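These notes concern the structure reproduced below.
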2 protein chains.
Amino acid sequence: MTGSAPQKPRIRDAEATQKRIMVAAKKEFAKSGLGGSRVDDIAERAKANKRMIYHYFESKETLFQRVLEEAYTDIRMAEQKLELDHLDAKSALEKLVRFTWKYYLDNPEFITLVNSENLHKAKHLKKSEVIHVVSRRLVDMVSSILRRGVEEGVFRENVDPVQLNITIAAIGYYYLTNRYTGSIVFERDLMAPEALTDRIAFNIETILRLVCKVSD
Amino acid sequence: MTGSAPQKPRIRDAEATQKRIMVAAKKEFAKSGLGGSRVDDIAERAKANKRMIYHYFESKETLFQRVLEEAYTDIRMAEQKLELDHLDAKSALEKLVRFTWKYYLDNPEFITLVNSENLHKAKHLKKSEVIHVVSRRLVDMVSSILRRGVEEGVFRENVDPVQLNITIAAIGYYYLTNRYTGSIVFERDLMAPEALTDRIAFNIETILRLVCKVSD
DNA sequence: GCGTTAAATAACTATCGAGTTAGATGCTTT
DNA sequence: AAAGCATCTAACTCGATAGTTATTTAACGC
């Protein structure tokens, strides 16, 4: 309590500081959105001086853009590691639905960041260069599963891969992003462990019934 | 240009002023979220003195709560006007899916308000008294359609009405709330008229395949 | 037509918050 | 070991912003 702090030797590490700022910013932006976040809070959480944020990232908005880009590349990279090619089409699709759900569940900041970006009409993502490259790989992945499913004779033809992609995301994303209002509206704890397992089962059923030739 | 304004006679109308504030607040909160909205902007848009907001609504947060409550009662009341009872179960369900989509499309502020409320972990909706009453009617409506569909022999049994409700909302809501990032990620204008008709058709297919006994 | 009340306004306060200035200090290179 | 530079810090600016104070004025009952 008394006595001055034992004068910590100021360690200098540009890379580590930037990383700490990115991690802290992701958390703050996810918690409060772009508009609701405070640069001072980000600096404090990062254990960095506020000035460093402007030194390394120029502005609050640029920092947000960097955080958002990283969030997108992270999920797209995780998807690419799934190795769905050795599975039959139906199993591959089910695995993708499960993955998407689990990713949202384990990385809730992804959802909040995307929501915040849409409130701003995607003005930051528009400036991104890498987004198209990584996104195409996702669409290709789903297209490939659909094509194989048709070849195997288990999927019906002419299912739009983009619509399917959107639907797979939607049924998980909506449930989780609206978990607070949803729990009130439906008078049910949507985040209870049992509720979560119920939901993923329901989602798999939804997607398989949508693309499979024969249902029951 | 020159000359003072012709000294408008100050009209006093408590009800009308409150209404103007509510309308203005809904637009501002929808555009910028709770945190991003400015009380001064709301007052200006409402053509009311800022002081009136505090006179009638106590605080910015209370105003948000009132706006949110109204948004929920509005959509729930519109649903109740659908008169689905005289339709067969399949047509009733399709009509509900179409309605939900169209309501989100015509009332985009509903989506943004709900998003903002979830960012705040539903702290305002928690205080609401009416939310449960109006919500139950929606669940009852879907339960009734499901029951009738089973009786008619067209729907399969044991479909959870809450999960179905969530899914109907999800496939429309997600598409629209993420239309800005979605249009970039999928390199396709998701709001083009043709894209919108494609989506509603896809959504109806998704829901009907989910509950119907025989698909093709 | 007079007094009371409710509706409305303008100007203010105190704090917050993004971005800056000026300067100090640790690391690397020669 | 001294220069030179990048990393880092404290303290500041100034406009914005939620909420208030003090005052004015329309409406309504009598």
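All values reported here derive from a predicted model rather than from experimental measurement. Below, read A as the first sequence line, B as the second, and so on, with proteins coming before strands; counting in each chain starts at 1.
- One interatomic measurement links the two molecules: NZ of B/K60 to C1' of D/dA16, which rounds to 12 Å at whole-angstrom precision.
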N/O-N/O pairs, protein side and nucleotides 20-22 of chain C side, under 3.5 Å:
residue: C/dT21; atom: O4; partner: A/R51; partner atom: NE; Å: 3.3

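- Distance B/D13 CG to D/dA26 P: 15 Å, rounded to the nearest Å.
- Remark: A/Q80 CD is packed, more than 12 non-hydrogen atoms of other residues, nucleotides or ligands lying under 6.0 Å away.
- A close approach under 4.0 Å does not occur between any side-chain nitrogen or oxygen of B/R38 and OP1 or OP2 of D/dA16.
- Among the heavy atoms of the strands, none lies under 4.0 Å from A/F57.
- In this structure, A/D40 atom CG and C/dG17 atom P are separated by 8 Å, rounded to whole Å.
- Put simply, CZ on B/F64 is 19 Å from C1' on D/dG19, counting in whole angstrom units.
- Remark: side-chain polar atoms of A/Y173 are paired, donor with acceptor, to backbone N or O of A/I111 under 3.5 angstrom.
- With sequence neighbours left out, A/Y175 forms a ring-ring contact (aromatic ring centres under 6.0 Å, His included) with A/W101.
- Summarising the geometry, the separation between CD on B/E44 and P on D/dA16 is reported as 13 Å, rounded to the nearest angstrom.
- A/K19 has no carboxylate O lying under 4.0 Å from a charged side-chain N of A/E15, or vice versa, which leaves the two without a salt bridge.
- The phosphate of D/dC8 has OP1 or OP2 within less than 4.0 Å of a side-chain N or O from A/T17.
- Between B/Q18 atom CD and C/dA6 atom C1' the separation is 12 Å, expressed in whole Å.
- Remark: P of C/dA8 and CD1 of B/I53 are 13 Å apart, rounded to the nearest angstrom.
- Taking a cutoff of 4.0 Å between a charged side-chain nitrogen and a carboxylate oxygen, A/K26 and A/D74 qualify as a salt bridge.
- For the pair A/H55 and D/dC8, the criterion of a side-chain N or O lying under 4.0 Å from OP1 or OP2 is not met.
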**Request:** Under the side-chain hydrogen bond (donor to acceptor under 3.5 Å, both in side chains) rule, what do B/E117 and A/T181 come out as? Steps first, then yes or no, please.
**Result:** CA-CA 7 Å; B/E117 176 66 353; A/T181 55; over 6 Å; no
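- Rounded to an integer number of Å, the gap from CD1 of B/I42 to P of D/dG19 is 11 Å.
- An OP1 or OP2 oxygen of D/dA6 is reached within less than 4.0 angstrom by no side-chain nitrogen or oxygen of A/Y56.
- Using a 4.0 Å cut-off between charged nitrogen and carboxylate oxygen, B/R136 and A/E187 count as a salt-bridge pair.
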